[in-house]
Amino acid sequence: MQKTEATSKNLTFLQAITEGLAQEMERDKSIIVMGEDVRAWGGVFARFKGFRERFGDDRVIDTPISESGFLGAGVGAAATGLRPVVDLMFVDFFGVTGDQIINQAAKMKYMFGGKAKIPLVITTLIGGGVSAAAQHSQCLYSVFAHIPGIKCVVPSTPYDGKGLIVTALRQDDPVMFFEHKFLHSSVEGMVPSESYSIPFGVADIKREGSDVTIVGLARTVHQSLEAAAILEKEGISVEVVDPRTIVPIDEQAILNSVKKTGRLIVVDEDYPRCGMATDISALVAEKGFNYLDAPIRMVTSLNTPVPFSPVLEEAYLPSVERIVQAARATVSRR
Amino acid sequence: MSGSIVLQSREKQVAMLRKMLTIRRFEERVKKEFAETRVKGFVHLYIGEEAVAVGLCSNLQKDDYVTSTHRGHGHCIAKGVELRGMMAELYGKRTGTCKGKGGSMHIADVELGMLGANGIVGAGLPLAIGAALSSKYRKSGQVAVAFFSDGALNQGTFHESMNIASLWKLPVVFVCENNGFGEATPIRFHTSVKDPTIRASSYDMPGVRVDGMDVMAVSQAAAEAIARARRGDGPTLLVCDTYRYMGHFEGDEQKYRKKEETEEWKLKDPILKLKGLMTREGSISEKEYSEMDASILAEVEDAVTFADKSAWPAPNEVLEDVYTSI
Ligand SMILES: Cc1ncc(C[n+]2csc(CCOP(=O)(O)OP(=O)(O)O)c2C)c(N)n1
């Protein structure tokens, strides 16, 4: 549950993250920002808006469109005393720089016997719902959760976004910070004005309930909450669990919730195979099987590339409707 | 190559000779240890190329940075990594430089600015420009050297890093160790230009071709490139022509090249060349050389004994060092 304090203000998801970043940059001069168009635009969705004026060209660095080059430079700078924030515009582009993330950043500490620190934050956009089509709409965080050595943050609210970016900037490990582009301006909330941090690996119960647990991430948290409001009218009490970080992941919070409700639905916008939905389902199947009164259900995107047409994309993405149906089906198995 | 001859003092020559011979003796021993299965995995030896690592690193400060390749033992030794830790690492022992977690292709010693050998061809260049960016931002005066071989000339990371380094005037030196082959493929079949230095002009930086079998020549070119970087005038591409005497990896039958070619290159041996020069100048005697060699062999023997006697990591150590905190 989020705290609201006296000095809070209403911010969008994006504004909250920007504020967290800026406050941390004020505090820590080793933080630099690198990415495409960060000076003129603050990056493609203006996450770093006003940073150039505020922090100067030394700390806000425009890069060529060379993702391997500048992401690798971020890794090298992180290994040698800086704390770079490198913007990978869309997570879909990780294919051109994959090596620097999965073979360099993620593994250096381990390969070097612990004798390296890579305090690198990679910010990146995920998710569909804006007809951005197959190469600008994927989630892909499960790819990085799959790789040991990278922490993965998938926030869903302004409060969490700000608190988690601050924590990301205080880690000595590489962090991927996944922002769902649909949430950027569509979600608002009260956010404390001063800086605060939210620990990694601590899930947030976004809504308490007793009949069924729904685990969601990023945008699907909001869809799950909408579904919960509909289901409440039908007498079904839904608990919505938001892991917030998937590496590390708060296994206990998920298991505790399932223990209480006896039912689990995992809602994930990522692809259905080898994703967080299967991962969390496996967790509960392995460690919480005895709590279950009904089979686990998964509501995910379809197993296709992300389509362009709004009609097709709507059919592709998890929806409130599909979550409601899944909940009805699981609860009907009393 | 332009500019005045950088005077190389006798001490510096002795130090370079010693380093080159240390690399040679270490690698010869690794070859034996591998053949006798005490060292496992993928092992790429640096024998023949010693002048490049030593010519560069003898002009670096302790806190300067280097990034390396799959053929990284020479760069490690030249940058000052301890033989004991290196051999123990190759054995997979807990006392290894990386606690047995890296092995031959990942030896690193960040304290010494050695940012890692690397199993990915071309991956070190972006890391080096990052270290250079960090140095520039911190105004620390440190320089970064990216070692890579001719195979990496055609990776995107080479072009991306060259462009960024020139654009941002980073204190970095790109060092292509042109040993003529990428695995089994001769350079003329994998690189579009005869002279790789011309690629420097695409990125508006000097490109300098050096005899990579001549440590004095490498050292002089290195001194100029490093001084340029330290002055804030930006990067240089050095292409050092050299040769690996051994196969690409230990176990390589080398059917793709003629024995005579290898023998011909051995006539230009970098160690014999410097020794010859120093002998002519009267700065080393045969006796001094033998003593140097004997002491290096003893050092290598000591490293092997150390590795052999060291404990294996405990199996549960597999879980350590993934994250700083979790
Ligand atoms: C990205 C990548 N592709 C392929 C390989 C396999 N590989 C290892 S070494 C090598 C040849 C490298 O040639 P070069 O860069 O000239 O280095 P040399 O072995 O001659 O020192 C190849 C293809 C690799 N390690 N990384």
Side-chain angles (χ1 to χ4, degrees), chain A residues 29-30 32 34 58-59 61-84 86 96-97 99-100 102-120 147-151 170-175 199-201 247-248, chain B residues 65 67 89 94 96-103 105-111 113-120 122-138 140 142 144 155-165 167-168 170 313 317 320-326:
Chain A
K29 299 281 179 284
S30 70
I32 60 167
M34 295 164 63
D58 279 357
R59 298 182 70 188
I61 302 170
D62 268 344
T63 63
I65 306 163
S66 306
E67 283 80 2
S68 291
F70 72 74
L71 237 146
V75 181
T80 56
L82 300 192
R83 192 173 277 285
V86 182
V96 285
T97 179
D99 180 66
Q100 290 296 333
I102 69 180
N103 282 324
Q104 311 301 327
K107 296 182 174 50
M108 275 168 83
K109 181 176 190 69
Y110 193 79
M111 294 189 302
F112 299 178
K115 290 178 246 168
K117 275 195 307 199
I118 313 294
L120 170 73
I147 308 291
I150 319 168
K151 293 174 177 170
R170 296 179 186 177
Q171 300 290 306
D172 282 336
D173 295 310
V175 178
F200 285 3
V247 179
Chain B
Y65 298 109
T67 63
E89 187 61 31
R94 169 194 271 159
T97 322
C98 306
K99 300 199 269 186
K101 287 186 168 133
M105 288 191 289
H106 306 297
I107 302 186
D109 195 333
V110 178
E111 295 276 289
M114 169 63 205
L115 302 178
N118 212 309
I120 307 295
L125 288 88
L127 302 176
I129 63 167
L133 172 70
S134 162
S135 149
K136 186 172 177 176
Y137 178 76
R138 289 182 285 107
S140 65
Q142 293 157 288
Q155 277 288 24
T157 49
F158 167 81
H159 297 275
E160 294 184 19
S161 302
M162 294 268 287
N163 181 59
I164 292 173
L167 192 66
W168 297 350
L170 296 178
E317 287 172 35
E320 294 169 7
D321 301 321
V322 182
Y323 303 98
T324 305
S325 60
I326 194 90

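Labels below follow one simple rule: chain letters A, B, ... track the order of the sequence lines, proteins then strands, and each chain is numbered from 1.
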Contact origin within B:D109 toward chain A - heavy atom pairs under 4.5 Å: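 Answer is neither: B:D109 stays 4.5 Å or more from chain A.
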Heavy-atom pairs under 4.5 Å with chain B: which of A:M108, A:K29, A:K109 has the most?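 Among A:M108, A:K29, A:K109, the one with the most close pairs to chain B is A:K109.
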Any B:I107 side-chain heavy atom under 4.5 Å of A:F112 side chain: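 A side-chain contact under 4.5 Å is absent here.
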Does any N or O in the side chain of A:K115 come within less than 3.5 Å of the main-chain N or O of B:T97, such that one atom is a donor and the other an acceptor?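 Yes; judged by distance alone, with no hydrogens or angles, the pair exists.
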Report which part of A:D172 has an atom under 4.5 Å of a heavy atom belonging to chain B: side chain, backbone, both, or neither.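 Its backbone and side chain both get close to chain B.
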With a 4.5 angstrom heavy-atom cut-off, could you sort out which part of B:Y137 is near chain A: side chain, backbone, both or neither?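 The side chain, not the backbone.
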Under 3.5 Å, side chain of A:D173 to main-chain N/O of B:T324, donor-acceptor pair present?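 At least one qualifying donor-acceptor pair exists.
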Around atom CD1 of A:I65, are there more than 12 heavy atoms of other residues, nucleotides or ligands at under 6.0 Å?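 No, because the 6.0 Å sphere around CD1 of A:I65 holds 12 heavy atoms or fewer from other groups.
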Toward chain A, the part of B:Q142 with a non-hydrogen atom under 4.5 Å: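 No part of it gets close to chain A.
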When rounded to the nearest 0.5 angstrom, what is the spacing between CG in A:D58 and NZ in B:K136?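 The CG atom of A:D58 sits 8.5 Å away from the NZ atom of B:K136.
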With rounding to the nearest 0.5 Å, note down the distance linking OG in A:S66 to CG in B:N163.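 Answer rounded to 0.5 Å: 6.0 Å.
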Strictly distance-based, threshold 3.5 Å: is any side-chain N or O of A:Q100 a donor or acceptor partner for the main-chain N or O of B:P126?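 No; judged by distance alone, with no hydrogens or angles, the pair does not exist.
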Can a donor-acceptor pair be found, under 3.5 Å and without considering hydrogens, that links the side chain of B:S134 to the backbone of A:T80?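 Yes: the side chain of B:S134 pairs with the backbone of A:T80.
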Interchain contact, A:T63 with chain B, by part (heavy-atom threshold 4.5 Å):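 Contact with chain B involves both backbone and side-chain atoms of A:T63.
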Mind ranking B:L167, B:N118, B:T157 by heavy-atom pairs under 4.5 Å with chain A and telling me who comes out on top?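 Option with the greatest count: B:N118.
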Report which part of B:L125 has an atom under 4.5 Å of a heavy atom belonging to chain A: side chain, backbone, both, or neither.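 B:L125 has no heavy atom closer than 4.5 Å to chain A.
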Under a 4.5 Å heavy-atom cut-off, does chain B meet the side chain of A:V247, its backbone, both or neither?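 The side chain, not the backbone.
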Go through A:Q104, A:R59, A:M34 and name the one with the most non-hydrogen pairs under 4.5 angstrom from chain B.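 The candidate making the most pairs under 4.5 Å is A:Q104.
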At a heavy-atom separation under 4.5 Å, does B:Y65 approach chain A through its side chain, its backbone, both, or neither?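 The side chain, not the backbone.
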